[in-house]
Amino acid sequence: MHREGFFLTLWVLIVQSASKNCILRSQIHVVEGEPFYLKPCDTSASVHKNEAASIRWFKDSGPRGYEELTAENSSRITLHSNVLEFWPVELDDEGTYSSRVGNDNQTWTLNVTKRNAHSCFSEKLVRSREVEIGKSLYIPCENPNYSEQINRTSLYKNCKEIFKTQKILKNAEFGDEGYYSCVFSVHHNGKQYNITKTVNITVIKGNNKIIPAILGPKLDIVGAELGKGVELSCIALLNENDQLYWSLGKEDRSDPNVQEDENKTTWTSEGKLHALKTLRIQRITEKNLNVLYNCTVTNDEATDTKSFILVRKEMADIPGHVFTRGIIVAVFISVAAVSVVVLCVIYKVDLVLFYRRLLDRDETLTDGKMYDAFVSYLKECHPENGEEYAFAVETLPRVLEKQFGYKLCIYERDVVPGKAIVDEIHSLIEKSRRLIIVLSKSYLTNESRLELESGLHKALVERKIKIILIEFTPASSGSFLPPSLKLLKSSRVLTWKADKSLSHNSRFWKNLLYLMPAKASRPWREESEAMPVLSAL
Ligand SMILES: *[C@@H]1O[C@H](CO)[C@@H](O)[C@H](O)[C@H]1NC(C)=O
Ligand SMILES: *[C@@H]1O[C@H](CO)[C@@H](O)[C@H](O)[C@H]1NC(C)=O
Ligand SMILES: *[C@@H]1O[C@H](CO)[C@@H](O)[C@H](O)[C@H]1NC(C)=O
Ligand SMILES: *[C@@H]1O[C@H](CO)[C@@H](O)[C@H](O)[C@H]1NC(C)=O
Ligand SMILES: *[C@@H]1O[C@H](CO)[C@@H](O)[C@H](O)[C@H]1NC(C)=O
C-alpha cells in the first residue's frame, strides 16, 4: 500500500470512529450478525489520535481470566483509535469486556441474542414506547454511529416495509400501534450488514378528563304509531368511568315492553370514548305517549341529560314519496298551465275565431247599424296607389262580403251621388261598426282626410266606432301618420304583404276577421249580386 493511501485510510477510519458515541451502559444486548462496537467514555484527556496505541482491550474468558485483545486476533474484530469494532458480532463474542487507558478502566457485559428466524427483529432487543392518543408519534430512523457507512435505510411496521418512507411523524391514533423497525444497511469491506432497531409503539388514552355530554338536541320529539315499536338511541361522549343511563318511571321499570339495552362503548380513532345506550319500546301504547324519557350521563363533576318524547304521528303527515310525487305533479300541471297560456296568447286570434264559429255568435243584430265596416281609401286611382285602390274596392269586398258575409260600405259603390258629401259620409260612418282605413302615401293629403277625421273623432272621443288600419308593404313610413293615428293599438294595425296575405287562410285575414265584429256566417249574396262588383280600372 502506498504511503499516501495508508494515511488516507487511517484518516477516514479515525473520522469514522470519532463520530461514534461512547457507550456508558454496562449491560448490552445485541443480535448476532450485526455490526457492533465498544467505545469507552472519559478518555478524551489521555487519548489523542497519535496515542491510539495506548488504549488496551481485555476480554474475560472465564477460567483463563482476562485476555488482551489485539488487532492480530481476528479480522472480524478490529481496533481503530479507541473503538473496538465487531464485523459482525457473533454468539461466542458474549462476555465481559474492559478497556484500559492509563489508569481509567471501563467494563461492559455483552449479551448476544440469537437471530429470530421467523421475524425481522428480535423481541429481546425491542424498546417500548407509549404515545398518548393525538400526541405526536415520531420515528426518525437515524443511526449517527454508522452514518457514513449507511447507504440504505428502510422502515418496517410489523415486518412489512413502509415504502418510500424513512421516518414517521403524525398524530398518534390507535391504529398506529405496532413494531416499527428501522433497518440500516451498512457496507464494510465489500460486505453488507444490517442493523435493525425496533420500537414497540403503544398508543395510550389521554389523561385529560372531558366534560361528559350527550350528543344532539336536548329534547327529541319522536313521531310514534300505536302498536308499533320504537328505539330511542342515546349517544354520549364521556370518560371511562362515567355513568350513562336511562331514567324510567316506576311503571316503565316493571314493564317488560320497555327495555334498556346494554351500553356499547367505542373508542374513536381520535381517542374519544363514545357510549351508546338504547331504550327499546316494543309496542307503543297510550301511556308511552307524551311522557319524558330521560337519558343521563354523569360523573362526579358534571351531568348532562337529554329527553325524548313520543307523540302520535300525525296521520295527515304526507309520507315522503307521496310528497315528492305531489311536487312533481304540481310542477307538471304548472308547466302545462303556462304552456296553455302561452299557446292562447300566440293563437288568440284563431281561438276567438274558432269560438265565434262554434257558438255562432253575432254581435251585429241589435245595434241598429247598417254596415259592418266603412272602407276609407284614396278615391282617385293613380299609378302610385293602384295597388291600394284595387285592394279597397276589389279584394276587401271579395273576401269579407262573399267569403265571410260582412256588409261593407264602399264610397264608390254605396254612396248615392248628389247628396252633400260631408253629411253623407258622416252618416255612413255613423251607421258602420268599424272604420277600415286603407293607408297609402297620398291618402292623408286627400279629401279622404275628412273620413279619417270624422272616424277618429268617433273612435277616440265618442268611442262609437273601432278603427282598423291596413298598411301596405313596403311599409309606408310611420312619419306621415297623424299623431292621433299613432295612438291606435298596434294590434289594430294590419300589414298587407301581397305575397303572403293572398290566401284566405293567411294570418292577415284571420287578424282582420278577429278585429271585425262577430257575425253569424250568412254570405251576403243578394245585394252583392244585384250590384256589380267594381273591377280595378
Ligand atoms: C409491546 O407493547 C405491548 C403493550 O405495552 C406489550 O404488551 C408487549 O409485550 C410489547 N412487546 C414486546 C415485544 O415488548
Ligand atoms: C452501497 O454501497 C456499496 C459500496 O459502498 C455498493 O457496492 C452497494 O451497491 C450500495 N448499495 C446500494 C443499495 O446502494
Ligand atoms: C438487509 O436488509 C435488506 C433489506 O433492507 C435485505 O434485502 C438484505 O437481505 C438484508 N441483508 C442481510 C445480510 O440481512
Ligand atoms: C354501562 O351501563 C351500566 C349500567 O347498565 C353503567 O353502570 C355503566 O357506567 C355504563 N358504562 C358506561 C361507560 O357508560
Ligand atoms: C326528565 O327530565 C325532566 C327535566 O329535564 C324532568 O322534569 C322529568 O321529571 C324527568 N323525568 C324522569 C322520568 O326522570
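A quick note: this is a predicted structure, and the numbers were derived from the prediction, not measured. First listed ligand is number 1; within each ligand, the first listed atom is number 1.
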Atoms of ligand 3 less than 4.0 Å from [X] heavy atoms?
{"X": "R152", "value": "5 (O)"}
{"X": "S154", "value": "5 (O)"}
{"X": "Y156", "value": "4 (C), 5 (O)"}

For [atom], what's the nearest protein heavy-atom neighbour? Residue, atom name and distance, please.
{"atom": "atom 5 (O) of ligand 1", "answer": "T202 OG1, 3.2 Å"}
{"atom": "atom 6 (C) of ligand 5", "answer": "N294 ND2, 4.1 Å"}
{"atom": "atom 10 (C) of ligand 3", "answer": "N194 ND2, 2.3 Å"}
{"atom": "atom 7 (O) of ligand 5", "answer": "L292 CD1, 4.6 Å"}
{"atom": "atom 13 (C) of ligand 1", "answer": "Y179 OH, 3.3 Å"}

Geometric N/O contact N200 with ligand 1, under 3.5 angstrom: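 Indeed, backbone or side chain, N200 has an N or O that close.
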Is the shortest distance from a Lys or Arg side-chain nitrogen in [X] or [Y] to a carboxylate oxygen in the other one below 4.0 Å?
{"X": "D255", "Y": "K287", "answer": "yes"}
{"X": "D304", "Y": "K218", "answer": "yes"}
{"X": "E130", "Y": "K135", "answer": "no"}
{"X": "K59", "Y": "E67", "answer": "no"}

Option from I281, L279, N257, N288 for which side-chain contact (heavy atoms from CB on, under 4.5 Å) with D252 holds: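 It is N288, the one option of I281, L279, N257, N288 that forms the side-chain contact (heavy atoms from CB on, under 4.5 Å) with D252.
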Proximity flag E161 to ligand 3, non-hydrogen atoms under 4.0 Å: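 E161: no contact with ligand 3 (<4.0 Å).
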Sequence neighbours excluded - ring pair (Phe, Tyr, Trp, His ring centres under 6.0 Å) pairs with any residue from residues 98-117: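 Applying ring pair (Phe, Tyr, Trp, His ring centres under 6.0 Å) to every pair that reaches into residues 98-117, excluding sequence neighbours, yields W57-W108.
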Mutual orientation of the aromatic rings belonging to W87 and Y146 [parallel < 30°, tilted 30-60°, perpendicular > 60°]: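 It falls in the perpendicular class, over 60°.
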Element-labelled atoms of ligand 1 that are located less than 4.0 Å from some non-hydrogen atom of S128: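 Going through ligand 1 atom by atom, the ones under 4.0 Å from S128 are 14 (O).
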Any N111 side-chain heavy atom under 4.5 Å of Q27 side chain: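 With C-beta onward as the side chain, the pair touches.
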Ligand 5 atoms in contact with S247 (distance to a heavy atom under 4.0 Å):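 Matching atoms, with element in brackets: 14 (O).
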Atom 2 (O) of ligand 5 protein-contacted (non-hydrogen atom, under 4.0 angstrom):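 Yes, at least one protein heavy atom sits under 4.0 Å from atom 2 (O) of ligand 5.
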Steps toward side-chain contact (heavy atoms from CB on, under 4.5 Å) verdict (F308, W246): CA-CA 11 Å; F308 290 79; W246 285 93; 3.5 Å; yes
